[in-house]
Protein chains: 2
Amino acid sequence: MAAKTKYLLDESEMPTQWYNIVPDLPSPPPPALHPGTREPAGPEDFAPLFPMALIMQEVSQDPYIDIPEEVQEVYKLWRPSPLYRAHRLEKALDTPAKIYYKYEGVSPAGSHKPNTSVPQAYYNKAEGITKLTTETGAGQWGTALAFACSLFDMECEVWQVRASYDQKPYRKAMIETFGATIHPSPSDLTEYGRKLLAEDPNNPGSLGIAISEAVEMAAPYPEVRYALGSVLNHVLMHQTIIGEEAIKQLEMAGDTPDVIIGCTGGGSNFAGLTFPFMREKMAGNMNPTIRAVEPAACPSLTKGAYAYDFGDSAGMTPLMKMHTLGHDFIPDDIHAGGLRYHGMSPLISHIYELGMMEAISINQTECFEAGVMFARNEGIVPAPEPTHALAGTVREALDAKEAGEERVILTALCGHGHLDLAAYDRYFSGEMVDYEYPEAKVQDALSRLPQGL
Amino acid sequence: MAAKTKYLLDESEMPTQWYNIVPDLPSPPPPALHPGTREPAGPEDFAPLFPMALIMQEVSQDPYIDIPEEVQEVYKLWRPSPLYRAHRLEKALDTPAKIYYKYEGVSPAGSHKPNTSVPQAYYNKAEGITKLTTETGAGQWGTALAFACSLFDMECEVWQVRASYDQKPYRKAMIETFGATIHPSPSDLTEYGRKLLAEDPNNPGSLGIAISEAVEMAAPYPEVRYALGSVLNHVLMHQTIIGEEAIKQLEMAGDTPDVIIGCTGGGSNFAGLTFPFMREKMAGNMNPTIRAVEPAACPSLTKGAYAYDFGDSAGMTPLMKMHTLGHDFIPDDIHAGGLRYHGMSPLISHIYELGMMEAISINQTECFEAGVMFARNEGIVPAPEPTHALAGTVREALDAKEAGEERVILTALCGHGHLDLAAYDRYFSGEMVDYEYPEAKVQDALSRLPQGL
């Protein structure tokens, strides 16, 4: 049988459970700590922020959790998502490697984010919540939550990092099309935002700051909750439908992965693809190398400390043990992509410490070069985030060529770049430069981490 | 069996032939005329513009033409495209109608246009052509041709209507990502462009003007040809793969269409969906009403004359009998969508005259209202063009509700609106107003049509 271009699953083959990797790990991840007492945080500590169903998922020891039927119905608007064999990219690279990519850009928001925004809205609605607040950086998550809230007839209010808000007016229009309200962050709507603006009216914002604002506008109000687009266990778990589908699709293609490559910011897309494969690897069914690629400009896994830190800039969230560049990290403006969060998902950080995966960082011009090559051969303009995974894939495919090996590479194309074309424009005009996060700044930021934990 | 959300075909089920409706029509369409002699134009008159393979398709009497294998391979990057059942939109409208939409936004350019750009590039390349020129309005066609040329290693030069070029910088970036060169039109690169700029340096451009520029930069050069994104018979024929797939997919769903609704600019998307269904209707296999929806701001079918006119503004192309607003038509700036061509495809014009289809025009705010409703329920932000088809679909679904009839409606969602979000922004801010093309301007333009034909 000739190799196909796309491997599609019927709706009836869509996975009906999410995979929770926690109980399968050789040791449990360290607990979150209460920001005040610094004792292990209990479910009640998360209750002002999240509905109980999600808190229970956050700490669940069940390896599988059923996807509610109402969520499955929404998933079917775009799921199962396609798995592609990148025949044309392989040919352009003249590599014996087989390159597969799982494409999440078919979703309403154009990325993997609705895989979790939809269940988050669903569970909140089920507990009587009428409004969700959130932060967004490049805008993918804000779009995804706006869409999910529109489906369940809930209000949605989004704080977008000001630098992105100003550079990406199309995101605002898309978020409004889905019926949500959007503000640049820092904003004068919150106490924390007003404090920062008083210090510096031109504060460009950061994900940590926007999280603080969204949390401040949710926690005190009984009918309002906060929704996070990455980092937490339940968010990563919702994304595992990506990997579960990919396992079935690679079976259809008759291949087993030798290398799996994903990009990491907070880690949800990477976890979504790789956790189900880690399960298969732990069970001895396959033995892929699993590799995260992060931006050289925001290298939490490869350069950050593994330490307890806050999830937000104001220090309102529980403390989590994770690879972090420090909660007051503000990424450099010249970094064009997303993947700008100061920390890495605590669960991925733990798995990285367990030696179950690798991590590398790549500079942005190499990423955009890979993105353009991919677009011209495969016809999809990738978002800046997955160009990191693509650059890692190109490196691996060329390495396979040098070694003369027919390696099977699986990568995550977690979103399209239709709303990021200004970054491509900067790349073509030569304005884009590389920027490695300096060691001295790492040390400085780490000196401000909470001590004695 | 429960009704599904998506009806997907495997690559092996992708149609391998295009459908040519011409030999099945009760009478042939009137011939094109040479712009100088005004005698019927022969293949040699088109040779400076198109490769012989496409010219032969333009005048073919074969009902089916094989899709070259190399083109099929490229099609498989996104084809077969999905057919959706709009369960959530139906529920929001509280209608007994069943609404199906065939979605072409999954293509590299985000619209149906690559269905023809790819074979056009292929046939040109096969005849030794190294470069294609073209015009683009909103940018869909320029993106599609840029992508196709990148696959076949050809140069591509695009003239974009200046009003769109200035308003839509993302399109430029996307076209450059696919490796093409783009200029605003009118430009100082052509004799015609320089003439117009001398008369008015702020000329906003029109599709007719951009066509003239692209033709001027192709016709004199033996290794360069011109490519058109709609209007001509061969272009419409390449799009029939849409309808051929939809027939198979509606069979999977167990439904037969009562009403088929598409938007029309030049007519290629409408023809692509409806021609195969017209064949089935002529054969007595089904009896759908077939309806075109055009903008009230550019109503060629509903208000134009059915007369011989030029395809471009400068009068360089053959004369074609079509519904036209006059070749010097310049659409009003306040019209946000595409669908701005002064004429309608001669083949569709002929079929309209034969009474095989209906046409209506709808104002843009009603279209955007339908587009937003669609996005919030179905999760896809439509391009402004197919919001016309969606507005027509909403009207039909509400009519079915009033009549208490379970009508089966099929519509064409020919592209996503990710690069048109500025238009949604104008809609939300209340800046968008309706504009009906005035009767007096129609009469004025028609007075300048070529006489005595």
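The chains referred to below are lettered A, B, ... by the order of the sequence lines, with proteins before strands, and numbering in each begins at 1.
Both the backbone and the side chain of B:Phe178 come within contact range of chain A, each with at least one heavy atom under 4.5 Å from a heavy atom of that chain.
Interatomic distance, B:Leu9 CG to A:Leu8 CG, rounded to the nearest 0.5 Å: 9.5 Å.
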Polar pairs (donor with acceptor) under 3.5 Å from chain A to chain B:
from	atom 1	to	atom 2	distance (Å)
A:Lys4	NZ	B:Asp10	OD1	2.5
A:Thr5	N	B:Glu11	OE1	3.2
A:Thr5	N	B:Glu11	OE2	3.1
A:Lys6	N	B:Glu11	OE2	2.6
A:Lys6	NZ	B:Glu11	OE2	3.4
A:Lys6	NZ	B:Lys76	O	2.5
A:Lys6	NZ	B:Arg79	O	2.4
A:Asp10	OD1	B:Lys4	NZ	2.5
A:Glu11	OE1	B:Thr5	N	3.2
A:Glu11	OE2	B:Thr5	N	3.1
A:Glu11	OE2	B:Lys6	N	2.6
A:Glu11	OE2	B:Lys6	NZ	3.4
A:Lys76	O	B:Lys6	NZ	2.4
A:Leu77	O	B:Tyr84	OH	3.1
A:Arg79	O	B:Lys6	NZ	2.5
A:Tyr84	OH	B:Leu77	O	3.1
A:Ser150	OG	B:Arg376	O	3.2
A:Glu176	O	B:Arg376	NH2	3.1
A:Thr177	O	B:Arg376	NE	2.7
A:Thr177	O	B:Arg376	NH2	3.4
A:Arg376	O	B:Ser150	OG	3.2
A:Arg376	NE	B:Thr177	O	2.7
A:Arg376	NH2	B:Glu176	O	3.1
A:Arg376	NH2	B:Thr177	O	3.4
A:His416	NE2	B:His418	ND1	3.4
A:His418	ND1	B:His416	NE2	3.4
A:His418	ND1	B:His418	ND1	2.8

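By the 4.5 Å heavy-atom criterion applied to side chains, A:Leu77 and B:Ile380 are not counted as neighbours.
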